[in-house]
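One structure is given here, and the rest of the page talks about it.
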Amino acid sequence: MLSIKNLHASIEDKPILRGLDLDVKPGEVHAIMGPNGSGKSTLSYVLAGKEDYEVTDGSATLDGEDLFAMEADERAAAGLFLAFQYPLEIPGVATMTFLKAALNAQRRARGEGDLPTPQFMKLVREKADGLGISTDMLKRGLNVGFSGGEKKRNEILQMALLEPKLCVLDETDSGLDIDALKVVSEGVNALRAKNRSFVVITHYQRLLDHIRPDIVHVMAKGRIVRTGGPELAHELEARGYADYVGEAAA
Amino acid sequence: MPAVQETVARVREIDVDQYKYGFVTDIESDRAEKGLSEDTVRFISAKKGEPEWMLEWRLDAYRRWRTMVEPDWARVDYPPIAYDELYYYSAPKSTPGPKTLDEVDPELLRTYEKLGIPLREQEVLAGVEQRRVAVDAVFDSVSVATTFKKELAAAGVIFCPISEAIREHPELVKKYLGSVVPTSDNFFATLNSAVFSDGSFVYVPKGVRCPMELSTYFRINERNTGQFERTLIIADEGSYVSYLEGCTAPMRDENQLHAAVVELVALDDAEIKYSTVQNWYPGDAEGKGGIYNFVTKRGDCRGRNSKISWTQVETGSAITWKYPSCILRGDNSRGEFYSIAISNGRQQVDSGTKMIHLGKNTTSKIISKGISAGRSQNTYRGLVSAHRKATNARNFTNCDSLLIGEQCGAHTVPYLEAKTSTAVFEHEATTSKISDDQKFYCQQRGLSEEEAVALIVNGFVKDVLQQLPMEFAVEAQKLISISLEGSVG
Ligand SMILES: Nc1ncnc2c1ncn2[C@@H]1O[C@H](COP(=O)(O)OP(=O)(O)OP(=O)(O)O)[C@@H](O)[C@H]1O
Ligand SMILES: [Mg+2]
């Protein structure tokens with residue numbers, strides 16, 4: 001599904017990712033943990049194609065397609081979804097309008113026609129209900145005045161609607177209360193499928209109690225420094241990152 | 001509103017291609033000499049078959065105009081206009097127009113395609129030779145106009161070219177023409193008074209709600225209006241009328257200077273809603289060949305409880321100089337101004353409004369959304385004033401600017417004058433930029449960069465778009481996206 005080899009990337013000439021390798025197979029859930037500033041968000045942005053990030057070496061492919069040869073919107077249409085650590089607000093654009101524009105843009109890019117409005121409405125309603133998102137929220141400006149938890153749920157709604165192949169979740173659990181964490185995790189779990197993979201960036205075991213990862217990675221100073229099973233997350237929770245920070249620096 | 005849909009549906013039924021291009025006049029023999037003199041004014045008046053009083057009115061304006069100087073306070077910059085080198089009536093092409101569409105600015109053609117305009121109509125809009133005059137003539141005889149007229153006549157509404165009104169309804173024209181924008185008002189209005197070629201006249205009698213949106217929606221009809229357009233709308237007591245001006249397709253015109261005057265009069269309890277979509281040719285990438293649009297639009301809330309509302313979407317022209325205003329004379333009268341002004345490329349926009357509170361308990365509201373992209377300059381200039389007798393005057397102004405890119409400018413110039421301590425003016429203004437993060441967020445969801453910008457901009461202007469009649473709003477939304485093309489990347 002996702003294959004990253006020796007990825008180096010910098011921002012404003014400052015190297016952030018320094019030789020990162022990652023292989024995610026269809027259906028797998030990978031967790032990436034690591035200290036603040038280790039480059040987790042940077043990795044997600046580089047994969048999604050944010051400007052300002054310069055890939056200086058290495059490669060990344062999604063189902064064999066070279067991600068770096070595509071624009072950000074093409075990557076989205078190819079099936080890459082990023083749930084933002086800080087979702088953006090767009091005043092005056094109703095959430096519903098945004099969802100429709102996004103879905104239809106992707107459908108068009110894949111050579112499918114626009115989804116007829118009644119079908120679209122039905123689809124959104126279904127998915128929104130499951131996430132406890134009200135009709136009123138769908139009418140409001142995108143993320144405008146949404147609480148932190150509402151913004152995160154809205155990210156999952158978009159993910160559910162767009163049905164991506166690869167979902168990258170950047171600290172989707174931060175700022176969620178216990179109930180919201182459950183709702184969001186259930187939303188994610190409902191999307192787990194044989195040919196859909198997840199990369200879940202988080203600081204906390206509690207998310208991984210709900211979304212059970214197959215593989216856990218530790219990232220430090222722009223590289224994956226250790227890979228293990230779910231037990232690795234527990235170990236980190238108990239011991240912190242001290243070992244890895246030293247190791248990567250060496 | 002059902003009336004709009006009906007109008008639009010009927011307009012849609014007309015297939016432009018089904019009309020043959022008959023030909024009427026030889027334009028060469030039907031034009032005034034180059035330049036402006038008393039003789040030019042007499043020539044125009046005679047061509048229009050005007051009565052003596054109208055000629056005198058024009059001549060008076062002409063003589064005043066000769067003593068006036070062009071204003072220079074607006075934040076626009078253009079080479080001096082050689083008024084004596086212009087044609088003022090039925091101007092033939094001073095430079096030959098394009099022979100075929102192949103000779104037309106490809107950017108313009110691309111826009112037509114995006115708007116889904118049929119080829120034949122594209123030729124007309126682009127001013128391809130041979131077609132232009134003929135089409136005007138043909139469309140004069142189009143039956144749809146007649147159908148509309150019958151329905152309006154049944155309601156007692158007069159809606160006709162102003163030249164016809166001068167002949168057929170002199171008592172109304174005499175009473176109201178120049179009563180809102182006097183011939184001496186300003187350089188461009190005075191020029192218009194002397195040489196206006198045509199425009200619309202509307203009279204809605206007492207207590208009548210006009211049965212349909214009055215619209216020059218039909219693009220081709222627009223060709224008639226010429227460079228010095230004059231519009232006069234009178235809503236008698238307790239009446240209501242909504243008037244739509246302009247069209248979304250960018251029009252080319254070899255007449256670079258446009259100086260229109262629009263006068264609105266609302267008597268007791270009457271309401272006029274005037275909506276404009278202005279999309280004149282803005283010029284090529286370097287700004288060459290674009291229209292200079294100097295417009296004087298003013299509404300007089302003459303009666304008690306009257307209301308005038310201006311809504312405008314300005315996307316075209318190289319230079320826009322335009323301040324649709326309301327004189328709130330009647331007690332409890334209300335003025336509104338909703339504006340979207342978009343500038344891209346090298347366009348210069350200096351636009352805004354004036355709300356002059358004269359009567360008691362008068363209220364006004366101003367919502368202005370300026371969007372600047374490319375190397376354009378976009379200025380909002382607004383005056384709100386309350387006269388000594390305008391007790392309890394209220395104004396709310398919201399003036400937002402959005403910048404796209406680094407090389408454009410947005411400026412806000414509000415003037416406030418309150419001569420009564422009971423007046424309350426509220427003013428809000430913001431300037432923002434489309435952030436790269438917002439764009440990236442949209443792109444991550446699958447929108448292209450241009451789609452992202454269009455979406456964000458449409459969100460920004462939503463409050464104003466909502467004021468437009470539904471059908472117009474949809475077109476305007478499309479137009480906004482097109483106007484901003486090339487503003488990113
Ligand atoms: N625009 C920028 N300019 C300069 N440095 C930046 C920029 N954006 C990020 N960085 C730096 O890149 C490094 C990695 O940041 P990143 O946000 O990827 O870390 P993270 O692992 O996601 O951290 P956290 O756990 O706090 O979210 C940090 O040192 C950060 O300061
Ligand atoms: Mg981060």
Side-chain angles (χ1 to χ4, degrees), chain A residues 44-53 70-95 97-110 112 139-144 151 154-155 157-159 161-164 167-168 170, chain B residues 114 313 338 340 342 367-371 398-406 428-468 473-474 476-478 480-481 484 488-489:
Chain A
S44 71
Y45 289 149
V46 168
L47 291 177
K50 191 172 188 201
E51 271 177 41
D52 311 333
Y53 289 84
M70 292 185 255
E71 295 294 332
D73 51 312
E74 295 168 334
R75 299 182 201 191
L80 177 77
F81 183 92
L82 169 61
F84 282 60
Q85 185 172 357
Y86 305 106
L88 278 294
E89 299 184 359
I90 306 186
V93 177
T95 303
T97 307
F98 181 76
L99 295 174
K100 195 172 170 193
L103 181 63
N104 284 334
Q106 293 203 11
R107 289 176 64 102
R108 263 175 256 143
R110 290 191 296 257
E112 305 159 21
K139 284 186 193 154
R140 271 153 64 185
L142 183 69
N143 291 327
V144 178
K151 284 183 183 171
N154 196 15
E155 292 292 285
L157 172 62
Q158 295 175 46
M159 190 165 93
L161 200 66
L162 296 170
E163 302 186 317
C167 309
V168 180
D170 192 359
Chain B
K114 293 231 157 104
V313 179
Y338 301 96
I340 298 171
I342 298 180
I367 307 283
S368 161
K369 305 279 179 178
I371 298 137
N398 174 272
C399 185
D400 296 328
S401 307
L402 185 69
L403 298 167
I404 303 172
E406 308 293 333
E428 290 174 359
T430 65
T431 300
S432 51
K433 283 192 66 163
I434 293 185
S435 75
D436 290 344
D437 287 346
Q438 280 178 320
K439 269 197 288 184
F440 173 61
Y441 187 68
C442 295
Q443 285 178 274
Q444 208 305 301
R445 299 302 184 246
L447 300 173
S448 70
E449 192 176 8
E450 284 188 345
E451 287 168 335
V453 168
L455 188 82
I456 295 166
V457 169
N458 272 306
F460 176 73
V461 301
K462 194 188 83 188
D463 295 348
V464 175
L465 276 186
Q466 282 174 342
Q467 297 297 327
L468 288 170
V474 172
Q477 199 166 0
K478 212 172 359 166
I480 289 166
S481 312
L484 289 168
V488 295

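Worth knowing before you read on, the calculation uses all heavy atoms, side chains too, and leaves out hydrogens, waters and symmetry mates. Each chain gets a letter, A, B and so on, in the order its sequence line appears, and its residues count up from 1. The structure presented is a predicted model; accordingly, all values stated were derived computationally and were not measured.
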Next on the checklist: My understanding is that only residues two or more places apart in sequence, or in another chain, count here; which of them pass side chain to side chain contact (heavy atoms under 4.5 Å, CB included) with B:A429?
Outcome noted: B:C399, B:H427
Proximal component of [X], with respect to chain B [non-hydrogen, under 4.5 Å]:
X      : answer
A:A109 : neither
A:L142 : side chain
A:L82  : both
A:P87  : both

Restricting to non-hydrogen atoms, name the atom on [X] and the atom on [Y] that form the minimum distance, rounded to 0.1 Å.
X      : Y      : answer
A:V93  : B:G459 : CG2-CA, 3.6 Å
B:G446 : A:A76  : N-CB, 3.6 Å
A:A105 : B:L447 : CB-CD2, 3.7 Å

Checklist entry - Which of the residues A:L162, A:L80, A:L103, A:L99 is involved in the greatest number of heavy-atom pairs with chain B at under 4.5 angstrom? => result A:L80
Checklist outcome for this item: In terms of heavy-atom pairs under 4.5 Å with chain B, the winner among A:G141, A:A77, A:G49 is A:G49
Distance-only donor-acceptor screen, chain B against chain A, under 3.5 angstrom:
from: B:D437; atom 1: OD1; to: A:K50; atom 2: NZ; distance (Å): 2.8
from: B:Q438; atom 1: NE2; to: A:E89; atom 2: O; distance (Å): 2.9
from: B:Y441; atom 1: OH; to: A:N143; atom 2: ND2; distance (Å): 3.4
from: B:Y441; atom 1: OH; to: A:E155; atom 2: OE2; distance (Å): 2.3
from: B:Y441; atom 1: OH; to: A:Q158; atom 2: NE2; distance (Å): 3.2
from: B:Q444; atom 1: OE1; to: A:L82; atom 2: N; distance (Å): 3.1
from: B:Q444; atom 1: NE2; to: A:L80; atom 2: O; distance (Å): 3.0
from: B:R445; atom 1: O; to: A:Q106; atom 2: NE2; distance (Å): 3.0
from: B:R445; atom 1: NE; to: A:Q158; atom 2: OE1; distance (Å): 2.5
from: B:R445; atom 1: NH1; to: A:L82; atom 2: O; distance (Å): 2.8
from: B:R445; atom 1: NH2; to: A:L82; atom 2: O; distance (Å): 3.2
from: B:R445; atom 1: NH2; to: A:E155; atom 2: OE1; distance (Å): 2.6
from: B:R445; atom 1: NH2; to: A:E155; atom 2: OE2; distance (Å): 3.3

